[in-house]
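This is the structure I have questions about; it appears just below.
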Number of protein chains: 2
Amino acid sequence: MSSYRQVMIEGRKAPRIGDVAAAAGVSVATVSRALSAPEKLRPETREKVMEAVAALGYTPNSVARQLRGGHSSLVLVIVPRRTNPPFFAAVLHGIDVTLAEAGYVLITAYMEGQDHDLRLIELAASGHVAGLLTISGNLPNVAGRSILDAGLPAVAICADPQVPGLPAVLLDDERAAEMQVEHLIGLGHRRLFYVSGPPGNYNEVTRHRGVEAAMKRAGLGPEALIEHPGNYAFSGGIAGANAYLALADRPSGVICGNDETAIAFVKTVRAAGLRIPDDLSVIGFDGIELADFCEPTLTTIAQPRFELGAKGARLLIDLLDGTEPAEVMPAGGRILMQGTLLARDSTRKVG
Amino acid sequence: MSSYRQVMIEGRKAPRIGDVAAAAGVSVATVSRALSAPEKLRPETREKVMEAVAALGYTPNSVARQLRGGHSSLVLVIVPRRTNPPFFAAVLHGIDVTLAEAGYVLITAYMEGQDHDLRLIELAASGHVAGLLTISGNLPNVAGRSILDAGLPAVAICADPQVPGLPAVLLDDERAAEMQVEHLIGLGHRRLFYVSGPPGNYNEVTRHRGVEAAMKRAGLGPEALIEHPGNYAFSGGIAGANAYLALADRPSGVICGNDETAIAFVKTVRAAGLRIPDDLSVIGFDGIELADFCEPTLTTIAQPRFELGAKGARLLIDLLDGTEPAEVMPAGGRILMQGTLLARDSTRKVG
DNA sequence: ACCATTGATGTAATCGATTACAGAGCCTGT
DNA sequence: ACAGGCTCTGTAATCGATTACATCAATGGT
């Protein structure tokens with residue numbers, strides 16, 4: 001029923017390029033040029049047009065502009081729903097700042113499943129959007145249609161959907177997970193409990209490899225690692241903690257898939273009377289601000305969240321503008337960034 | 001440089017309505033009708049068209065559709081930057097689910113200031129968007145141009161920009177702040193410390209009124225309240241705590257503007273050796289999940305975050321579709337919802 | 001004084017859909 | 001058998017900007 005045009009009519013009607021042309025006493029072509037190629041106009045003509053533009057409060061209708069063949073300045077970012085808001089907020093900030101510098105506008109959409117995602121796919125195919133950024137390992141993919149089918153330039157950030165030809169800016173998850181294990185082992189812990197991410201999740205799979213590699217390198221076999229599948233959310237931390245508490249012989253070191261998991265884990269085992277780091281050490285993953293405000297402060301691996309977003313956005317911009325990427329693209333199209341260990345109070349030497 | 005069209009050409013060229021028409025052996029009008037008014041077609045014609053659509057993988061170009069006068073299905077949500085991600089994530093979730101049910105797509109954009117916001121204003125005026133939702137008390141407003149000038153249907157959520165004619169779905173902030181005070185006073189606290197939100201902020205101003213009203217009603221004068229301006233972020237909680245610690249005679253009750261502030265406050269005063277709730281009681285605001293995972297668990301006022309978003313979205317949808325709002329609009333166009341006190345371990349009886 | 005060249009501006013085609021209106025079949029009632 | 005009324009489909013105008021090409025005036029060269 002209600003089109004934007006109808007709304008316009010109800011209020012002030014939006015001026016069109018013809019109105020400006022009439023007000024300035026020139027043709028529509030001249031108005032168009034005044035806005036997009038001012039150097040082609042005599043200064044006094046340009047000024048006349050600009051005055052009319054200002055007087056009428058004219059904003060070019062970019063729907064029409066795009067239809068004619070102009071490029072959109074919208075970049076769509078696909079964010080997974082309902083996990084880890086503090087983490088993604090920082091990544092989005094890096095993206096937003098970088099896009100804005102280059103004249104693009106960030107819009108985000110959340111994955112929600114089925115019909116909802118189908119709309120995202122249609123949005124991508126609809127011509128509104130110039131490019132695509134995804135922070136989600138699972139791309140909208142409904143009934144055999146993928147959001148990538150639209151052929152938009154796209155870059156993955158943080159999680160690799162593993163689509164051939166799709167460049168990705170990622171944390172070196174494997175190495176980061178190794179750092180988690182090495183930190184605990186370095187403190188003397190010989191048996192570990194691991195509350196992972198959702199089974200099958202890209203980050204989880206990669207980090208899992210890192211955990212196993214580090215264990216092996218330290219000479220520890222699979223019997224030294226007890227795993228519990230989590231979900232990168234508070235609830236997974238609670239469930240993991242309950243599983244931990246139920247163990248007859250509890251490992252002294254605990255690795256959590258992310259900080260929220262770790263916080264919920266800590267909370268739950270403390271409620272059961274265990275002391276951290278006296279009775280057990282817990283290490284998180286992500287480095288959200290909050291990890292420094294909980295009790296005890298959480299040892300964790302900090303991801304360069306802002307930079308991951310910024311670098312991913314930069315890469316997409318280069319793709320869109322056709323400029324040569326500043327960054328040298330490694331074969332396979334995956335840029336890896338390193339995490340940083342933040343040693344705080346939730347871990348300490350055993351015994 | 002790179003238009004969406006160019007991209008299409010690089011990959012499979014996007015089929016146009018004419019291609020489908022040719023493939024199905026009908027006219028473009030028939031194809032259009034098959035998609036938007038199938039009941040007007042003979043079943044066999046419709047089927048023929050649908051087959052061609054499927055075979056070519058045709059998605060209507062909604063840029064062209066909109067230009068002609070069709071309504072956009074995009075709703076733009078303006079989110080303030082860099083504050084309180086866990087809070088806004090829940091509000092957005094309520095918005096997203098509600099919009100999706102009605103066939104709209106949520107896109108969010110963050111406020112960042114100046115040039116950046118100017119782009120948002122242009123986005124709103126550009127014809128891409130059907131309606132506007134704002135969760136920010138300050139609307140993009142640059143050089144005298146407001147994002148509302150575009151005349152889009154709009155609804156404010158959580159914070160009231162106080163624009164005449166702009167409907168709003170709000171927490172009853174004043175009442176909620178009264179509840180904070182009443183809770184502490186009910187526990188016997190007679191002097192309060194208040195780490196507020198940013199001075200001038202809509203929510204802060206309203207809650208401030210509530211705090212003062214409740215103090216007065218309890219027979220406490222202004223000397224019983226010591227204020228420190230905060231910012232709804234961790235840093236404000238730390239600064240507030242330091243100000244509190246510097247006091248010669250510290251109030252036993254502390255009100256924080258939101259949960260993040262409270263968490264940082266608690267952390268900081270505990271580090272200085274104070275015990276909570278033994279030495280002082282602290283109450284937060286918002287009711288984010290995390291408030292139940294910190295040490296001690298945080299007493300707070302829970303906002304119906306999902307419902308605020310959902311109700312605001314519902315209102316906008318009614319505006320867009322021209323349906324009669326289910327909710328009776330009070331005069332002034334402001335719908336108030338109530339907060340809920342969650343009494344937990346960070347507050348207790350004095351003495 | 002006149003033609004060629006340059007620079008500024010206008011005219012009209014174009015992008016890809018929607019939809020008012022027109023026209024073509026096909027029934028039906030008289 | 002034919003007018004009138006359906007139903008279904010096609011033709012072409014339209015949305016608002018961009019831009020290739022046409023036009024026109026002014027300038028400079030000879």
Side-chain angles (χ1 to χ4, degrees), chain A residues 1 3-9 13-49 52-53 56 58-73 122 125-128 150, chain B residues 1 3-9 13-49 52-53 56 58-73 122 125-128 150:
Chain A
M1 268 288 74
S3 74
Y4 73 92
R5 183 165 304 119
Q6 188 174 347
V7 171
M8 296 299 182
I9 290 168
K13 53 212 161 290
R16 301 182 304 280
I17 196 171
D19 302 332
V20 177
V26 298
S27 74
V28 293
T30 302
V31 175
S32 177
R33 281 190 278 257
L35 294 167
S36 44
E39 75 284 359
K40 291 190 170 177
L41 259 41
R42 235 183 16 210
E44 62 251 45
T45 312
R46 186 193 319 150
E47 191 140 335
K48 211 166 45 178
V49 173
V53 166
L56 298 182
Y58 169 72
T59 300
N61 179 318
S62 74
V63 170
R65 182 180 289 193
Q66 254 177 263
L67 178 57
R68 182 49 220 269
H71 67 289
S72 161
S73 61
E122 279 168 358
S126 71
H128 282 288
Chain B
M1 263 307 54
S3 74
Y4 73 91
R5 182 164 305 118
Q6 190 173 344
V7 171
M8 296 301 182
I9 290 167
K13 53 209 163 289
R16 299 183 305 282
I17 195 171
D19 301 332
V20 178
V26 298
S27 74
V28 294
T30 301
V31 175
S32 177
R33 281 189 278 256
L35 294 168
S36 43
E39 76 283 359
K40 291 189 170 178
L41 258 42
R42 233 179 21 210
E44 62 253 43
T45 312
R46 187 192 320 152
E47 191 140 334
K48 209 166 47 177
V49 174
V53 166
L56 298 182
Y58 169 72
T59 299
N61 179 319
S62 75
V63 170
R65 182 181 288 194
Q66 256 177 262
L67 179 58
R68 180 54 220 270
H71 67 288
S72 160
S73 61
E122 281 168 357
S126 71
H128 281 290

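To find a chain, count down the sequence lines: A is the first, B the second, and so on, and within it residues start at 1. Because only heavy atoms are used, hydrogens play no part in the values below, and waters and symmetry mates are left out as well, while side chains stay in.
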Handout entry: side-chain N/O A:T30 vs C:dT9 OP1/OP2, d < 4.0 Å
Key = no

Problem - Interatomic distance, B:N61 CG vs D:dA17 P [rounded to whole Å] - result: 17 Å

Handout entry: B:S32 (side chain) donor-acceptor with B:V28 (main chain) under 3.5 angstrom
Key = no

Exercise for the section: Please report, rounded to the nearest Å, how far the P atom of C:dT9 is from the CD atom of A:E44. Expected result: 7 Å

Practice task
Just call it for A:V26: base, sugar-phosphate, or nothing, with non-hydrogen atoms closer than 4.0 Å on any strand.
Solution key: sugar-phosphate

Handout entry: B:R33 side chain, from C-beta outward: closest of D:dT18, C:dT18, D:dT9
Key = D:dT9

Handout entry: Distance in angstrom units between A:L56 CG and D:dG16 C1', rounded
Key = 15 Å

Problem - Between P of C:dT9 and CD of A:E39, the distance in whole Å - result: 13 Å

Handout entry: Whichever of B:A29 and B:A64 has its nearest DNA chain D nucleotide further upstream toward 5'
Key = B:A29

Problem - Check: A:T59 side chain, B:E122 main-chain N or O, donor-acceptor pair, under 3.5 Å - result: no

Completion exercise
Residues B:V49 and B:V31: closest non-hydrogen pair is CG1-CA, 4.0 Å

Practice task
Look at the side-chain N and O atoms of A:T45 and state whether any lies under 4.0 Å from the OP1 or OP2 oxygen of C:dT9.
Solution key: yes

Completion exercise
Taking for A:R16 and for B:R42 the nucleotide of DNA chain D with the nearest heavy atom, the one nearer the 5' end belongs to B:R42

Practice task
Take atom NZ of B:K40 and atom P of D:dC6, then tell me their distance rounded to the nearest Å.
Solution key: 16 Å

Problem - Integer-rounded Å distance: D:dC15 C1' and A:R68 CZ - result: 15 Å

Problem - Nearest-angstrom distance from the residue atom CZ of A:R46 to P of C:dT9 - result: 10 Å

Fill in the blank from the handout: In this structure, CG of B:L67 is separated from OG of B:S62 (nearest 0.5 Å) by 11.0 Å

Completion exercise
Taking every heavy atom of B:S126 against every heavy atom of A:N61, the minimum-distance pair comes out as O-OD1, 3.2 Å

Problem - Phosphate OP1/OP2 of C:dG16 contacted by B:Y58 side-chain N/O (<4.0 Å) - result: no

Exercise for the section: Could you check how far CG of B:L41 sits from P of D:dC8, rounded to whole Å? Expected result: 8 Å

